[in-house]
Amino acid sequence: MTDEMRIQVMRGGPYVVSGGVPLKEMAPVRTLNDEPVAWHELREFDESRDMYALCRCGRSNDKPYCDGSHANGEWPEAETADRGPMAARAGRVEGPAGVMLDDESLCIGAGFCGTRTANAWDLMGEEGGDARERVADMAAMCPSGRLALLAREGEAPVEPELPREIGVVPGGPLWVRGGIPVESADGAPWEALNRRTLCRCGASAAKPFCDGAHGDLHFDER
Ligand code: FES
């Protein structure tokens, strides 16, 4: 077994995952009003291999694994996401709860940032109460890493301790948890964040990351 967990983007091909990374299927838990409020582990893949390949083009007949279908014709495989750090790209929302970083380019539309009655942006303007905890919870459940809460500018984000694993989101991306490094096909590392989402439908305009395009595509798991 290799000691380092890592995900390598292959040019024109899959994600090669090495280091014995656990692979699980994870889905949002929704209220009766269809608001996502938590994550639920549906199953753990029986993955005992040190190395395995996950589909990146959306064509595999063995999802989430690659079956070589990427080779059946052209697909838009180029990694087009911004290479800079999230903190440099993100907007700032400041308030009594601290500083919320908001990097819209990472958004996948998961919807953990608001309910019918409150959202992270409004909560940032609230004095006292549990506004800070609620923003921190919303940010922590956002799989893409769009939102991050800092006590003050320059400090490290308040982040949950996540196990180093990959969550396969039904009809959606791969949720890379715990800061597992992702390496571009050109060998350059992508910024390691505690929460990241990788496109597996092949339609994102910000590859290798998900940009929510799977929703319009009605990405079919099968
Ligand atoms: S999985 Fe491809 S855009 Fe989300």
Side-chain angles (χ1 to χ4, degrees), residues 7-17 21-30 34 36 39-43 45 47 52-83 86 89 102-114 138-139 141-147 162 165-178 180-185 190-222:
I7 300 171
Q8 170 78 56
V9 179
M10 303 306 289
R11 199 175 303 283
Y15 301 107
V16 172
V17 180
V21 180
L23 186 67
K24 298 175 175 177
E25 190 170 33
M26 299 188 68
V29 176
R30 296 180 180 278
D34 204 27
W39 284 94
H40 176 57
E41 184 183 314
L42 298 174
R43 65 177 163 138
F45 289 83
E47 192 45 80
Y52 53 87
L54 297 177
C55 176
R56 186 165 84 87
C57 68
R59 292 177 180 166
S60 172
N61 292 309
D62 187 28
K63 296 183 188 74
Y65 299 105
C66 170
D67 70 352
S69 294
H70 55 267
N72 299 339
E74 299 269 302
W75 61 285
E77 61 95 13
E79 293 169 86
T80 48
D82 186 275
R83 299 258 175 178
M86 184 271 196
R89 235 177 6 243
D102 180 3
D103 181 0
E104 220 176 322
S105 76
L106 297 179
C107 186
I108 68 165
F112 286 93
C113 48
M138 286 176 175
M141 282 188 289
C142 166
S144 71
R146 168 182 175 169
L147 299 181
L162 295 178
E165 62 187 16
I166 296 174
V168 178
V169 180
L174 299 170
W175 183 12
V176 179
R177 292 153 55 87
I180 301 170
V182 179
E183 195 174 300
S184 168
W190 288 99
E191 182 184 19
L193 297 178
N194 194 28
R195 299 167 281 124
R196 299 228 76 156
T197 41
L198 292 174
C199 175
R200 68 186 184 101
C201 73
S204 172
K207 290 188 188 74
F209 304 110
C210 170
D211 70 354
H214 58 267
D216 293 336
L217 194 70
H218 302 297
F219 177 45
D220 190 348
E221 280 294 314
R222 290 156 295 170

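Note that ligands are numbered from 1 as they come in the structure, with each ligand's atoms numbered from 1 the same way. Keep in mind that the numbers below use all heavy atoms, side chains included, and drop hydrogens, waters and symmetry copies.
Looking only at its N/O/S atoms, H214 has ND1 as the one nearest to atom 4 (Fe) of ligand 1.
When each atom of ligand 1 is checked for a heavy atom of D211 under 4.0 Å away, the hits are 3 (S). Atoms of ligand 1 lying under 4.0 Å from any heavy atom of A213, numbered from 1 in the order shown and given with element: 3 (S).
When every heavy atom of H214 is checked against every heavy atom of G171, the shortest pair comes out as CD2-O, 3.2 Å.
Using a 4.0 Å cut-off between heavy atoms, T197 makes no contact with ligand 1 at all.
Closest to atom 2 (Fe) of ligand 1, if we only count protein heavy atoms, is C201 SG, 2.3 Å. The protein heavy atom nearest to atom 1 (S) of ligand 1 is R200 N, 3.4 Å.
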Let's go through M26 and R177 carefully: what are the C-alpha distance in whole Å and the side-chain angles of both, what is the deciding distance for side-chain contact (heavy atoms from CB on, under 4.5 Å) to 0.1 Å, and is it a yes or a no? CA-CA 11 Å; M26 299 188 68; R177 292 153 55 87; 3.9 Å; yes

S60 vs D62, test: side chain to side chain donor-acceptor pair (under 3.5 Å). Steps then yes/no. CA-CA 5 Å; S60 172; D62 187 28; 5.6 Å; no

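In this structure, I108 falls outside the shell of residues with a heavy atom less than 4.0 angstrom from ligand 1.
Not a single N, O or S atom of C210, from either the backbone or the side chain, sits less than 2.8 Å from atom 2 (Fe) of ligand 1.
Without hydrogens or angle criteria, R200 side chain to G172 main chain gives a donor-acceptor distance under 3.5 Å.
Remark: R83 is positioned above the aromatic ring of W190, its terminal NZ or CZ atom under 6.0 angstrom from the ring centre and at most 45 degrees off the axis.
Put simply, the residue from V169, I108, L174 that forms a side-chain contact (heavy atoms from CB on, under 4.5 Å) with C210 is I108.
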